[in-house]
Structure formats: C-alpha cells, structure tokens
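Sequence lines set the chain letters: A, B, ... in the order given, protein chains first and strands last, and positions in each chain run from 1.
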Amino acid sequence: GEINLSAAASTKDAMMEIIRGFGRVQPDARIRTNFGASGALAKQTVQGAPTDIFLSANAKWLDHVVKEGKAEGKSRGVLASNRLVFVGRKGVAVTSLTDLNGLQRIALGTPASVPAGQYAEQAMRTAGVYEDLHRAHKLVMAQDVRQALLYADRGEVDGAFVYRTDALLAKEATILFEVPDDLYDRVAYPMVMTTAGAAKAEVRAFYSYLAGPEALEILKKFGFVTVQ
Amino acid sequence: MDTFLTLTAQDTAAVWLSIKVACGATLIATPLGFATAHFLVFSKMPAKSLIEGLINLPLVLPPVVVGYLLLLVCGQAGLLGPLLRSVDIRIIFTLSGAILASAVVGFPLMVRAIRIGMEAIDDNCLMAARTLGAGRWDALVTITLPLSGRAVLAGMTLMFARSLGEFGATIILAGNIPGVTQTIPLAIYEYTNTPGGDRAALNLCLVSIALSFAILLLSEALGRSLKRR
Amino acid sequence: MDTFLTLTAQDTAAVWLSIKVACGATLIATPLGFATAHFLVFSKMPAKSLIEGLINLPLVLPPVVVGYLLLLVCGQAGLLGPLLRSVDIRIIFTLSGAILASAVVGFPLMVRAIRIGMEAIDDNCLMAARTLGAGRWDALVTITLPLSGRAVLAGMTLMFARSLGEFGATIILAGNIPGVTQTIPLAIYEYTNTPGGDRAALNLCLVSIALSFAILLLSEALGRSLKRR
Amino acid sequence: MELEVDIEKRLGAFCCAAAFTVHSLRCGVFGPSGSGKSTLMNLLAGLVVPDRGRIRLAGHTLYDAEAGINLPPEQRRIGVVFQHARLFPHMNVRRNLLYGWRRTDPGDRRIEPEALIKVLNLGHLLHRGVTRLSGGERQRVALGRTVLACPRLILMDEPLTGLDEELKYQIIPYLQRVLDQFAIPLLFISHSLREMRLMTDEVLVFHDGALQAQVSTESLARSDMATAGGGYVNMLHLGPPRQVGDLWCYPWGETELVLTEGGGAGDKFFELEARDIILLKGRLAAISARNLLTCRVVGLFGVNNRVGVELDCRGNRLVAQIVQESVCEMGLAAGGEVVAAIKASSFRRIV
Amino acid sequence: MELEVDIEKRLGAFCCAAAFTVHSLRCGVFGPSGSGKSTLMNLLAGLVVPDRGRIRLAGHTLYDAEAGINLPPEQRRIGVVFQHARLFPHMNVRRNLLYGWRRTDPGDRRIEPEALIKVLNLGHLLHRGVTRLSGGERQRVALGRTVLACPRLILMDEPLTGLDEELKYQIIPYLQRVLDQFAIPLLFISHSLREMRLMTDEVLVFHDGALQAQVSTESLARSDMATAGGGYVNMLHLGPPRQVGDLWCYPWGETELVLTEGGGAGDKFFELEARDIILLKGRLAAISARNLLTCRVVGLFGVNNRVGVELDCRGNRLVAQIVQESVCEMGLAAGGEVVAAIKASSFRRIV
Ligand SMILES: Nc1ncnc2c1ncn2[C@@H]1O[C@H](COP(=O)(O)OP(=O)(O)OP(=O)(O)O)[C@@H](O)[C@H]1O
Ligand SMILES: Nc1ncnc2c1ncn2[C@@H]1O[C@H](COP(=O)(O)OP(=O)(O)OP(=O)(O)O)[C@@H](O)[C@H]1O
Ligand code: MOO
Ligand SMILES: [Mg+2]
Ligand SMILES: [Mg+2]
C-alpha cells in the first residue's frame with residue numbers, strides 16, 4: 001500500500017534517509033512525501049488531503065489537527081528534538097545572549113509562525129534583551145529558519161537564531177554559541193497518525209519504524225537530539 | 001560543478017510535471033480568459049467592475065492565500081467538495097490541483113492581456129461583418145478572435161510563464177509530492193532547503209528559463225505570422 | 001467575529017507600507033516599462049528576443065528565487081554591494097528593497113500590457129506626425145504615448161495589484177520587519193501560520209481587495225476619459 | 001422596394017430626422033458634407049439605434065421604438081458599402097470578398113463571384129492581404145464584398161470615389177445590370193450628379209440632418225440648371241451603330257444621330273448636356289454641327305435666368321437649355337418648330 | 001521647385017520606377033488605380049525607403065542610396081494629405097489642425113489658421129473629437145492640417161474626394177491663392193481631369209508603376225479628346241461682370257462674353273468645353289447662342305476622328321472641337337475666318 005507522509009520541510013534530509021532505510025525492511029512499501037510548512041500541512045490535512053502521518057515542527061499545528069478530529073490524540077509521539085544556536089560569520093564577537101545588544105541586525109524566524117523564532121524570542125526575553133532589540137528594529141523576521149540562515153551566511157545580518165540541524169548547512173557562517181537549554185522550552189518534533197492512516201497496517205509499521213533504533217541513528221547523524 | 005545540468009530522475013519528473021501544468025493551465029484558461037475579456041470589453045452591464053475586481057483577486061492576494069481559499073472551496077469539506085466527489089474529481093494533492101492553482105493565479109494576467117488587445121479592435125470591422133450577415137457569435141469567431149490573436153497569444157505566454165514560476169498556491173492546493181505534484185518551483189524550494197542544493201536548484205532554474213525562452217520564441221513566431229496575413 | 005475588520009496597529013502599519021510599496025513600484029516601473037515596451041515594439045534589433053526573455057525572468061522563476069537572486073546582486077557581499085554602499089543606498093531590509101522586489105516581479109506584466117497596446121497603434125498616424133514635422137521623440141510623446149495610454153494604465157493596474165500580493169521576493173529581499181518592511185502579504189503569512197489567525201488574515205485580505213478595487217475603479221475612470229477624447 | 005422610414009437620432013449637437021417612403025428600386029441620397037447621409041445609412045443598417053421612430057422594408061419591420069423591435073444588422077440583410085472601405089485586415093482579398101457570400105443562404109446566392117471579380121478587375125489581387133492594396137483597389141473590394149452578400153437592400157456611401165473614370169464607367173453598367181436583374185433595391189450616396197442620374201431614379205435631398213425634398217432624379221437634374229456651373233444633362237439610349245466615314249451613326253428611335261464615338265454591338269447610354277444643343281431657325285451656309293434635327297417644342301420650363309426647352313424629335317424627348325433672351329428673340333413657344341444643332345462630339349458615352 | 005527624382009522600389013510583385021525632374025510649381029500625378037501614385041508620394045515623403053536612387057528638392061538631397069543619405073520625414077518638410085485622412089484619433093479638430101503648425105518655425109508660419117479654418121468651413125467643429133466627424137469633414141481637417149504645416153512641398157493624394165462640388169470649388173481657389181502666394185510647390189494626385197487642370201500646370205502620367213509621360217496639363221487635356229467621353233476644356237479668365245437684362249457681360253481681353261451666370265467683383269475662372277463651341281459661316285435668321293464671335297483659325301490639331309481648331313478671337317485663344325467631316329465641309333484652314341457660336345449657359349464657373 002501507499003503511505004502518505006506530510007512532514008515539516010526542515011526534516012526533509014533525515015526523513016528521506018529514514019524512508020530509504022524502511023524500504024530495505026519493507027521493499028513493497030511506497031511512501032509519498034509532502035514536505036512543507038507545518039501550518040500548510042495541517043490545513044491541508046484538515047481540508048481532507050490524504051495524510052496518514054503528520055510530522056510537525058511544533059505542537060500547535062499538531063494540536064490543531066487533533067482538535068479538528070482528523071487524528072487520534074493517543075497515537076501522538078515525538079520524533080526528535082532540536083537545539084537553538086546562534087550563527088554568524090567568523091569574527092563577530094558574541095558568545096552569549098547578552099552580547100547581542102552590540103550587534104546591528106539579528107535574524108530569526110517570524111515568532112508568530114516559525115517555531116525556531118518563537119524559541120529564540122522566548123530565550124531573548126528570558127535573558128532580558130528582547131525588548132531593546134525589538135524597539136531598535138534590529139530584529140529581522142524571516143519566513144523560515146533557512147532564510148534566517150541565508151542572511152547570516154551572506155553577511156546581511158550579524159547573526160541569526162537557527163536550529164543546530166540547520167546550522168550545519170551554512171557555508172560561511174558558523175555556530176557562535178549554543179543557546180542555553182534553560183532559556184527556552186524543549187524543541188520537539190511531534191508526530192501523529194491520522195484516523196485514516198491508523199487504519200492501514202503499513203502506516204502503523206512505518207510509524208513504529210520512525211520510533212525505532214535505525215531511525216534514531218539517522219536522526220542523530222543529521223544533528224537532531226533524540227528523545228528516548 | 002561536475003553536476004552542471006545533470007538532472008536527477010526526480011528533477012526530470014518535476015520538469016515534465018511543470019510542462020504539463022503550464023500547458024494544462026494555459027489551455028484551460030485561454031477560452032475562459034477570452035470569454036471573460038470579451039464580456040468585460042463589450043458588455044454594458046453595470047456590475048462589470050465588480051466582476052473585474054473578482055477576476056483580479058488572485059493577483060492582489062498573496063499566492064499562498066489564493067491556495068488556502070482554493071483549498072477551502074475544493075477540499076473534501078469545502079463548498080464544492082460534495083460536488084467534486086460526486087463526479088469523482090480529486091483536486092487536492094493531484095495534478096488537477098496544480099493545474100487549477102496555476103490557472104487561477106495566472107487568469108487575471110491572461111484576461112488583462114486579451115482585453116487590451118480587444119479594446120484596440122476597430123469597431124467598424126465588426127459592424128461591417130454584421131451587415132454582411134455575420135451574427136454576434138459568427139463575428140466573434142471570424143473577426144474579434146483573429147484580430148485579438150496576438151493579444152491572446154501574449155496572454156497565453158504570460159500564463160505559461162507564470163505557471164512555470166507558480167509556487168505559493170500550488171504547494172498549498174496540490175502539495176509537494178515528488179512525481180505527482182512537485183513542479184519545478186517546488187523542487188527548487190526543496191533544494192534550497194538542502195545542504196549543497198544550490199547547484200541543483202540553479203539547474204532547475206535554467207531549465208525553467210529555457211522553457212520560457214522556447215515558448216517566447218514560439219509565440220513570437222506565431223505572432224509574426226498572424227501579423228503578416 | 002468581534003474582531004471583524006478591527007486592525008491592530010501593526011496591521012495598519014502593514015497596510016500603509018503596502019500602499020507605499022505598490023505606489024512606489026508602479027511609479028518607478030512605469031517609465032521604464034514604457035521605454036522597454038517601445039524598444040521591443042519598434043526596434044529591429046536581432047537581440048530583441050533575448051532581452052524580452054530576460055525581462056520575463058521574474059515571471060518564470062518562483063518569486064522566492066527572484067528574491068534570492070536580487071539578494072545576491074544587491075546584498076552587502078553582492079555584485080552591486082560596494083556600489084550601493086558607496087552611494088549610501090541600502091536595499092536589503094528596507095522599504096527600497098520591498099519596492100525593488102515588487103517592481104522587478106511586476107515588471108514583465110507591465111511591459112507586456114503596454115506592448116500589446118502599443119502594437120495596436122496605427123502606423124499611419126505616426127507617419128502622418130512625422131510628415132508634419134514631429135521628430136522621433138516628439139511623435140513618441142504626442143502620438144505613441146497618448147495612444148497607448150489605456151494600455152499603460154492597464155499595466156499600472158496590473159503592477160499595483162501584483163505589488164499588493166507580492167510575497168516571495170519581498171520577504172527575502174526586504175525581510176519581514178514589522179513597521180519597516182512588513183507589507184500586507186507578509187502580515188497575512190504570519191497570521192495564517194498561527195492557529196486561529198485566520199480571522200485577522202481575512203481582515204487584511206479584505207483591505208487588500210478594497211485597495212485593489214479602488215485602483216481598478218480609478219483606472220477605469222481614467223481609461224474612459226482617455227477613450228472619450 | 002417600399003422602404004418606410006420615420007426616425008430621429010441625435011448625435012451631440014447634430015440631429016438627423018427623416019420621414020419618407022421610397023417606392024423606386026433605385027434611390028439616391030444627396031446633400032452637402034455633414035448633412036447626415038452616412039448617419040442615415042447607419043440607422044437603416046442597424047449600426048446606430050435611432051432615438052425614436054420606425055423602419056419598415058418590404059413589409060418587414062426592422063425597427064420600431066414603440067413596439068420594441070430592433071432587428072440586429074445581420075438579420076436585416078441590408079448590405080453597406082462604407083465610405084471608407086472597412087476591409088477585414090486579417091483576411092486576403094478573396095476571403096474579404098466571399099465573407100458575406102458564404103453567409104448567404106445558397107438559394108439567395110444569385111451573383112457569381114467570378115463575374116464580379118472580373119468586372120472589378122480584382123483577379124490578380126485575390127491572394128493579396130488587404131493592407132497592401134491601393135486606395136482604389138480597397139474601394140473595389142469593399143464594393144464587391146457587399147454586392148456578393150446578395151442583400152435585400154444595398155446602401156452605398158460614395159462607393160465610386162478613388163476610382164479612375166475608365167474603371168468607374170466599367171463598373172456602373174455592371175452594377176446596373178446586376179441590381180436590375182435580381183431586383184435588389186439600392187440607396188446610393190454620392191456628391192456627383194452624374195453618378196446619381198445613372199444609378200438612381202429618385203433622390204432624397206438632405207440638409208443639416210433634415211430631409212429637405214424627395215424628388216425624381218430627373219427633376220433634381222433639372223433644378224441643377226439653377227446652380228452655379230450646373231446644367232441639365234440628357235441621357236440618350238441609342239441602338240448599335242454603323243460606321244460612316246470616320247464617324248458613327250446610331251439609331252435613336254425613328255431617327256439617327258451622328259457621333260464621333262464608335263462602339264461594339266448592343267445598346268449604349270450617352271449623355272448630352274442640354275446646353276450643348278443649339279437651337280436655330282433657317283438654314284446656314286455651313287455649320288460644324290453634324291446633327292441638325294427638326295423638332296417640335298413641347299414645352300418650356302424656367303429656372304432662374306435659364307430656360308429648358310423640351311423638344312420632341314420624331315418621338316424622342318430632348319431638353320435644350322437656352323437663355324430667356326433667346327426664347328424671346330426666336331419666338332419659341334410650345335407647338336413651334338425649331339432646328340436643334342448638335343455636334344457629333346457632344347455626346348459622352350457612359351455605358 | 002526643381003524636384004529631381006530617380007528612384008526604384010519593389011513592393012511584392014509591383015515595381016515602381018520613376019526618373020523625372022519637375023520645374024513647375026504645380027505638378028500633377030495621373031494614372032489608373034494601382035498605378036503607383038500613392039507609392040510615389042510615400043517615397044518622396046520618406047515614409048517608404050526606395051531600393052535605389054536619388055531624390056533632390058530645391059538643391060537639397062533628401063535621399064541618395066549611394067551616398068547613404070536618407071533624411072527622416074520630419075526633416076524633409078514635405079507635407080502630405082493622405083488618401084485616407086489619417087487624423088490623430090486622440091486629439092480634437094483644433095489640435096489636429098495645429099499639430100504641424102506648432103512644429104513649424106515661427107518664421108515659416110506663413111499661413112493664418114483662422115483664414116484657413118474659415119475656408120474649410122471647420123469653425124463649428126474645432127472642439128469635436130475627430131472620430132465624430134463625417135467623411136468630408138475628416139478630409140477637410142486632413143487638408144488643413146497639412147497646409148498649416150507650411151511645408152516646402154505639398155503632396156496631395158486625392159484631397160478633394162468626398163467633398164460636395166460647392167465646397168470643392170470654394171476650397172480650390174483658396175488653395176491656389178495660398179500656394180501661389182507663398183510659392184509652395186504642389187504635387188497633386190487626382191482622377192479628375194478638371195481638378196488637375198485647375199491645380200496643376202504639368203502632369204506625370206503613371207501606368208503600372210512606370211512613369212509613362214511627363215506632359216503639360218494642357219496637352220494632357222487635349223489628348224483627352226481622344227478618350228471615350230473625354231474632351232478638351234477651355235479655361236477662360238474673365239473680368240468683373242455687369243448685368244444686362246437677366247444675363248451678364250464679362251470682359252474677356254478686348255471683347256466681351258455674355259453668360260447666364262452672375263458674380264461679384266473680382267476676376268473669375270470659367271470652363272468652356274471645346275465641343276460646346278459651334279463653328280459656323282454666314283448669318284442665321286435666329287440662333288439661341290448668345291455669343292457669336294468672329295475668329296481667325298490659328299491652327300488645327302487632330303486626335304483620332306476629332307479635330308481641335310485653335311482660334312484667335314481678338315487676341316484671346318480658344319479651342320473648338322469638331323469632326324474631320326466638318327473641317328472639310330467648312331473648308332477650315334489656318335488663317336481662315338469663322339464664327340464661333342457659344343451659348344450663354346455653356347460657361348461653367350469654377351473659381
Ligand atoms: N458621434 C457624433 N457626435 C456628434 N456629431 C456627430 C457624430 N457623428 C457625426 N456627427 C456629425 O453629424 C453630421 C452628419 O454626419 P454624417 O457622417 O452623416 O455626414 P455625411 O452627410 O455623411 O457627410 P459627408 O458627405 O462629409 O460624409 C456631421 O456634421 C458630423 O459632424
Ligand atoms: N505592401 C505592398 N505589397 C505589394 N504590393 C503593394 C503593396 N502596397 C501597394 N502595392 C501595390 O502597388 C500598386 C500601387 O499602389 P499605389 O497605392 O501606389 O496605387 P495608386 O496609384 O495610389 O492607386 P489608387 O488610385 O487606387 O490609390 C498597387 O497595385 C498595389 O496593389
Ligand atoms: O509570491 Mo509567491 O508566494 O512565492 O508565488
Ligand atoms: Mg458620409
Ligand atoms: Mg492611392
């Protein structure tokens with residue numbers, strides 16, 4: 001049968017490798033992937049798009065799908081989590097959140113829609129630097145994490161808050177510091193089987209493979225923090 | 001550098017899909033666009049401006065919003081959901097969805113182009129045709145249509161090009177499913193989200209550009225032959 | 001429901017910004033678009049198709065890619081970076097950036113519109129003007145320009161509407177800085193990515209639609225007065 | 001044909017108002033520039049909607065404001081040759097010519113395209129795009145296109161302008177013949193009294209949008225004697241000629257006329273201006289006029305200082321135009337006899 | 001004016017080739033439909049580029065293929081009245097009329113817009129959009145627009161078509177006067193020999209794209225005697241008339257002519273067709289002709305079976321057209337005397 005997977009775009013590379021691994025276990029399984037923004041995926045699912053497994057970049061959109069009755073809350077799980085880091089070009093002298101005041105421009109995902117942006121805002125607030133930066137229009141809200149990274153990479157901003165997994169993509173920029181864990185909530189990638197998906201045996205098989213040890217190895221390789 | 005213009009199987013699929021979507025959207029939208037433009041030019045209805053405004057919506061709204069609205073209308077739970085189900089047409093996550101998204105987003109461009117050309121037609125020619133026994137429809141087909149031929153062609157080119165570049169509405173309505181709905185822009189989006197994917201993204205851009213050049217040259221050639229007559 | 005058409009301060013700022021961006025892009029692109037269309041219609045240069053293809057690029061490529069390319073060109077480390085810095089113009093993350101992004105994305109539409117209208121001008125009128133002592137430029141201003149007036153107007157309307165809806169290129173080039181570069185589509189994007197933000201997004205959509213209707217009616221009225229003469 | 005019209009139409013400051021009934025098959029519309037001739041055509045053809053009134057053609061109501069009837073142009077089957085050709089720029093000459101013909105019921109297709117194309121001298125242009133024609137060529141295509149549609153009524157707005165005389169007098173007889181043969185009624189606009197006399201029997205005279213008079217073409221021609229430079233023109237229908245020396249003798253009713261101009265078989269139409277006829281009494285030593293016809297004066301009609309002398313010449317009618325002074329001097333009166341001297345070169349062949 | 005032309009241009013299957021030099025100020029272009037008249041205008045005005053050759057006007061080279069010279073139309077200062085008006089649709093009548101005038105050096109603006117507008121009878125239309133004009137009105141605007149540009153040479157392509165006779169003969173004298181006064185040379189296309197004789201002194205005759213002859217308008221008119229329906233027309237220049245009864249006496253050189261037509265002060269031009277003159281010998285009992293002029297025969301010229309008799313009438317020249325037979329019968333020969341009988345109504349005032 002066919003497995004319809006809707007997953008947050010930031011997990012694409014890791015997911016593709018996991019799918020290849022699953023293919024070795026179950027050669028006749030066909031997985032149709034649909035990578036996009038979590039919000040878009042959630043809305044598509046709610047409007048009746050064929051989704052068997054929904055992997056979101058944050059809990060909000062997963063809750064939305066459950067609330068709309070498209071999925072059973074009890075199948076809910078967490079695939080992996082991520083860490084927030086601050087990247088910039090070499091030579092930018094910052095080592096902690098408190099140094100950010102000395103910078104001109106800082107990119108982060110739009111807090112309203114990008115989870116990484118939310119966590120970044122939370123961290124800055126906790127560290128007490130957010131208000132000043134915001135009022136000075138130093139914060140550049142990007143469409144997504146990749147865009148924030150792009151700005152940092154090309155030197156358009158002095159630095160950007162991104163996930164660790166994303167930071168590995170940068171060419172010029174490097175991780176300037178890791179944001180301390182205690183300043184923000186845990187970055188989790190929750191997942192769920194939809195009601196339609198839970199009815200199919202091969203979906204259930206893939207879902208448990210996602211939580212299995214092979215998948216964990218792959219996720220680790222791509223920089224995710226694994227939960228179990 | 002060694003991968004310069006080598007396309008993976010998935011890329012090739014995206015290129016073919018894009019061609020199908022662009023052609024499909026153009027072919028579907030052309031007759032509708034012509035009819036709409038004709039209505040807007042020749043009708044004396046007072047509600048014309050309202051209709052024109054509605055047609056322009058996909059241009060005014062961000063493509064993503066257009067995609068959402070289409071999703072609301074054509075989804076299972078949407079307005080047309082029951083109707084579409086009854087005739088067994090699936091829009092969401094299908095090629096039809098991608099075509100629909102492109103057609104809707106490009107539609108105002110096509111209508112505008114045809115309209116500008118149609119407004120320039122000499123009324124006298126139409127009148128002459130009527131006195132020679134051509135009815136409204138006959139004159140439409142034998143005079144208005146060929147005389148706005150170049151504008152229709154221009155509208156089709158615009159529509160085709162816009163379809164090649166359409167991203168926002170497509171990814172919402174049709175999803176981003178390789179081999180099924182992943183067109184060139186969606187594939188490019190994925191590549192730009194991948195380490196070292198820039199080269200592959202650039203390759204796809206070049207293919208898009210080549211396609212658009214081909215269509216441009218074709219339409220120029222057709223346009224010249226229309227003019228020559 | 002209680003928030004129906006209540007806009008937050010940030011929304012109002014986005015609306016004003018969108019108006020500024022759409023007007024700015026339209027005003028900048030109109031003379032350039034006219035000149036380009038004129039060149040494409042009247043020049044006999046063989047490289048014409050190439051230039052036309054280049055002009056069409058922003059239509060063919062996904063807006064995000066266009067934004068990315070503009071960033072590569074106009075960024076700090078970009079091709080024009082040093083030049084722009086030397087004349088103290090900042091493009092990235094500024095209103096100028098948003099205007100530039102909109103202007104570039106809408107440019108092919110404007111050129112096409114003007115071109116279709118210009119192609120319909122009767123050559124004989126231009127010739128008559130020349131024999132009456134009008135030089136090339138004089139005839140351009142006194143004959144070609146007014147006779148393509150309606151098409152220019154149509155092009156401007158297209159450009160304005162497209163600017164209102166431009167998302168992909170703007171968010172890359174100008175960033176999404178509330179109060180500085182956050183136009184309506186960017187604000188809508190934020191809302192739609194928040195569960196429960198749909199109502200606020202819809203409000204902004206309605207504002208966009210109202211704006212585009214206003215421009216449409218204005219251009220229709222102007223167009224009619226152009227025709228009446 | 002029985003065309004009944006009673007309409008009014010306002011265009012800006014200009015107002016066109018006309019009420020008339022035309023019975024003859026060939027009717028002209030005459031009037032100075034801007035007097036509303038083209039407007040009348042547009043109203044009849046259904047291209048402009050009148051403000052009020054009624055139009056009936058051969059018993060069919062084409063337009064009736066009160067009854068709410070307004071047939072669209074294509075159902076009126078009224079052909080129009082426009083003042084400016086209005087050809088279809090995207091079609092070649094052939095397709096332009098056949099546009100209306102193809103839309104005509106095969107049963108109504110009474111005119112042969114080939115013959116018409118030949119008369120209009122368009123054979124070598126059939127595959128040419130109409131944007132690459134000369135002015136006269138365009139006009140001929142427009143004429144042919146309308147005639148080929150075999151309409152129930154043909155409106156012609158200065159259809160012969162831009163044509164050289166030779167071509168013009170080749171086309172007129174053909175038109176006459178075709179319209180006659182198929183009894184297609186004609187409404188003909190022209191500024192040329194000569195064309196008018198050849199093509200029409202009756203004339204509507206417009207001035208400033210108003211119908212001023214509906215008169216026979218003959219009387220319009222007679223009244224033209226009054227206008228500066230005008231004059232009455234006799235139209236003579238002569239039989240087939242025979243050559244005599246380097247001149248030609250044409251039968252004219254019971255008698256014969258001597259002309260400088262020859263011609264093939266068949267009847268011919270000739271013009272003879274009334275003022276070209278000199279009336280005399282008595283015999284001369286020598287005179288250059290080749291025709292000396294003894295006539296009886298039928299009547300005299302005066303217009304301003306000119307006098308038309310209607311003559312009977314062995315059954316044929318002839319009008320000579322002279323001045324009042326001569327009438328007195330020569331003692332001309334109805335019933336009297338007089339000799340009409342006409343030069344062999346005074347005749348002008350028109351058909 | 002000294003217009004030197006030697007050009008060739010191929011358009012599809014049609015080839016226009018002409019080499020001529022025009023010295024007179026008023027030159028006509030004559031030829032059947034499709035003979036290349038409009039093409040010649042386009043070549044002269046710079047709207048179509050010749051394939052090879054040379055054009056020089058009053059010493060300036062406008063075009064020279066070999067030297068690579070090709071002045072753009074606006075620098076040639078050659079005004080064109082097109083066969084189809086080609087007005088600017090987005091401007092009203094006034095702005096159309098003044099378009100060229102405004103672009104003319106103030107020093108060269110020799111023509112008064114007001115006067116011209118009056119003659120063309122356009123005063124009431126100045127603020128009208130040109131799409132709402134009648135055919136004749138459009139033609140007049142086009143004419144005025146070109147004349148007001150005060151060009152160095154005016155090309156007119158059938159500028160008087162679509163105008164009623166009255167208006168036509170009101171415009172012609174004005175044009176003559178203006179062009180004369182400011183010595184603006186004219187190249188004039190027309191199918192009407194009469195217009196040609198009024199407007200030009202010399203004519204280029206085209207046929208099938210080739211210049212066939214360059215002759216004086218006078219001799220073109222004489223040769224027209226040969227064509228079917230044609231004939232020579234005398235143009236008489238008469239002084240101011242005085243009324244005699246209901247007729248009018250006009251001084252004509254040393255003698256006088258009696259005409260039916262009156263007129264105000266000032267000199268007038270009249271037409272008199274050669275075939276309207278009857279030649280006679282001896283005295284009659286009575287004749288309707290009011291003018292009996294004793295003339296001397298200056299010479300005879302023959303065209304086909306018609307003979308032109310050139311007469312000297314107390315210093316005035318006159319051509320009568322008769323037939324060979326009459327010449328023999330009357331024994332006409334150069335030096336002989338003869339009486340020319342002309343009816344008072346035979347004269348046609350043209351200016
Ligand atoms: N749309 C219009 N608005 C106002 N006036 C108009 C309009 N169309 C025509 N006219 C005027 O109506 C009058 C009659 O025009 P029409 O074309 O019928 O004249 P016409 O008799 O055909 O003249 P011509 O012999 O010059 O062609 C003209 O004075 C013209 O200026
Ligand atoms: N672009 C073209 N291509 C081919 N043939 C052409 C083109 N333009 C004109 N012709 C032909 O050239 C010939 C001369 O045209 P032109 O317009 O000079 O004629 P004209 O003497 O002005 O005739 P008219 O009195 O009918 O206006 C015509 O036979 C016409 O068909
Ligand atoms: O401007 Mo869009 O949202 O990428 O098609
Ligand atoms: Mg008219
Ligand atoms: Mg011509």
Against chain E, work out which of [options] has the most heavy-atom pairs shorter than 4.5 Å and name it.
options	value
D/R128, D/R140, D/R138, D/H124	D/R140
D/G31, D/A341, D/G12, D/S134	D/S134
D/V309, D/T161, D/L163, D/L332	D/L163
D/I277, D/I189, D/L11, D/V327	D/I277

Legend entry - Contacting moiety of E/Q83, where chain D heavy atoms sit under 4.5 Å: side chain
Inset, instruction - Name the region of E/I278, side chain, backbone, both or neither, that has any atom closer than 4.5 Å to a heavy atom of chain D. - result: both
Legend entry - N-O pairing of E/R290 and D/E329 below 4.0 Å: yes
Inset, instruction - Considering only NZ, NE, NH1 and NH2 on the basic side and carboxylate oxygens on the acidic side, decide whether E/E158 and E/K37 come within less than 4.0 Å. - result: no
Inset, instruction - Examine distances only and state if a side-chain atom of D/K343 and a backbone atom of E/Q321 form a donor-acceptor pair shorter than 3.5 Å. - result: yes
Legend entry - Donor-acceptor contact present, side-chain E/N291 to main-chain E/V258, <3.5 Å: yes
Inset, instruction - For this output row, return yes or no: ring centroids of D/Y250 and D/F347 closer than 6.0 angstrom. - result: no
